[in-house]
Amino acid sequence: MTGQRRVIARVLSDADDHPDVEELYRRASALDSRISVATVYRTVRLLEEKGILERRDFGGGRARYEATENGRHHYHLIDVDNGKVIEFEDPEHEELMRRVAERLGFDFVSMRLELFGKKRPQTQQAGKTAQAAKRKGAAS
């Protein structure tokens, strides 16, 4: 692995978001000005072929990337207004998918879930939270 590829790999491993190639190039070239956008594209393709990196399509016409996390199942909620991606885990959903696979005669291996949504205004969120608390209190 070349020094430039190491820089790109480090930028990817340090990322807490899901950068596209242009953003990877911006971050990597800030660390090493000799890195070209072509090098970033080639490195991303190589890391993807090796299973180290996963391509994600969250809309917006650009592929975004994240490190492969074998064994960890997480999901993405994409804000359609600004493209922000929120990662979350849900063990109940994962267990349900395991049961579905088993019922259909399959061993569960992996899954992908991407939700697209719009952020509610703060006042609407507070109202929904209060309604949920009332329902929970009434059920007790």
Side-chain angles (χ1 to χ4, degrees):
M1 180 173 286
T2 67
Q4 291 181 342
R5 284 184 176 167
R6 271 193 211 82
V7 169
I8 295 165
R10 189 173 89 217
V11 167
L12 281 163
S13 69
D14 290 346
D16 59 357
D17 57 352
H18 301 78
D20 63 4
V21 169
E22 292 298 322
E23 181 60 23
L24 286 172
Y25 168 68
R26 187 187 68 71
R27 294 175 190 178
S29 63
L31 299 173
D32 183 344
S33 61
R34 297 171 298 150
I35 293 175
S36 70
V37 72
T39 299
V40 175
Y41 273 103
R42 284 192 302 270
T43 303
V44 163
R45 188 172 52 244
L46 175 69
L47 294 174
E48 197 178 355
E49 288 171 1
K50 299 291 183 188
I52 297 168
L53 192 64
E54 291 187 30
R55 174 192 301 246
R56 299 288 188 217
D57 180 5
F58 298 134
R62 59 191 178 128
R64 294 166 68 171
Y65 297 90
E66 70 179 342
T68 300
E69 296 181 9
N70 296 321
R72 178 180 170 245
H73 297 113
H74 69 278
Y75 314 107
H76 301 100
L77 173 61
I78 299 95
D79 185 324
V80 297
D81 290 329
N82 63 21
K84 181 178 178 184
V85 179
I86 300 165
E87 288 188 356
F88 66 97
E89 296 179 23
D90 188 339
E92 291 176 32
H93 179 262
E94 187 174 334
E95 181 55 33
L96 174 63
M97 294 301 101
R98 285 181 192 286
R99 289 195 316 264
V100 168
E102 187 175 308
R103 185 176 67 233
L104 296 173
F106 286 82
D107 290 326
F108 178 81
V109 176
S110 70
M111 68 180 148
R112 180 180 297 177
L113 176 65
E114 296 168 354
L115 304 170
F116 295 83
K118 289 181 171 258
K119 186 98 170 154
R120 286 190 207 117
Q122 290 294 344
T123 55
Q124 191 177 0
Q125 284 181 2
K128 296 258 184 205
T129 302
Q131 289 173 357
K134 283 182 184 178
R135 283 193 303 270
K136 186 176 181 182
S140 300

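Sequential numbering from 1 along the given sequence is applied to the chain's residues.
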Please examine the side chains of Glu94 and Met97, heavy atoms only from C-beta on, and report whether any two atoms are closer than 4.5 Å. no

For residues Leu46 and Leu12: do they belong to one hydrophobic cluster (side chain heavy atoms under 4.5 Å, members Ile, Leu, Val, Met, Phe, Trp, Tyr)? no

Give the intermediate values and the outcome of side chain to side chain contact (heavy atoms under 4.5 Å, CB included) for residues Val44 and Leu24. CA-CA 9 Å; Val44 163; Leu24 286 172; 3.7 Å; yes

Verify the neighbour count for atom CG of Asp107: are there more than 12 heavy atoms of other residues, nucleotides or ligands below 6.0 Å? no

Salt-bridge criterion met for Arg45 and Glu48 (N-O under 4.0 Å): no

With heavy-atom distances below 4.5 Å as the criterion, would you say the side chains of Leu77 and Val85 are in contact? no

Is there a salt bridge (charged side-chain N to carboxylate O under 4.0 Å, His left out) between Lys119 and Asp79 once you walk through the steps? CA-CA 7 Å; Lys119 186 98 170 154; Asp79 185 324; over 6 Å; no

Gap between atom OH of Tyr25 and atom CG of Asp20 - 0.5 Å precision: 13.5 Å

Flag the pair Val40 / Gln4 as yes when at least one side-chain heavy-atom distance between them is below 4.5 Å, and no otherwise. no

Could you tell me if the side chain of Glu22 sits less than 4.5 Å from the side chain of Val37, heavy atoms only? yes

State plainly whether the residues Glu102 and Arg98 are in salt-bridge range, i.e. N to O under 4.0 Å. no

What is the distance from atom CG of Leu47 to atom CZ of Arg5, rounded to the nearest 0.5 Å? 8.0 Å

More than 12 non-hydrogen atoms from neighbouring residues, nucleotides or ligands closer than 6.0 Å to CD on Glu95, yes or no? yes

Flag the pair Ile35 / Ile8 as yes when at least one side-chain heavy-atom distance between them is below 4.5 Å, and no otherwise. yes

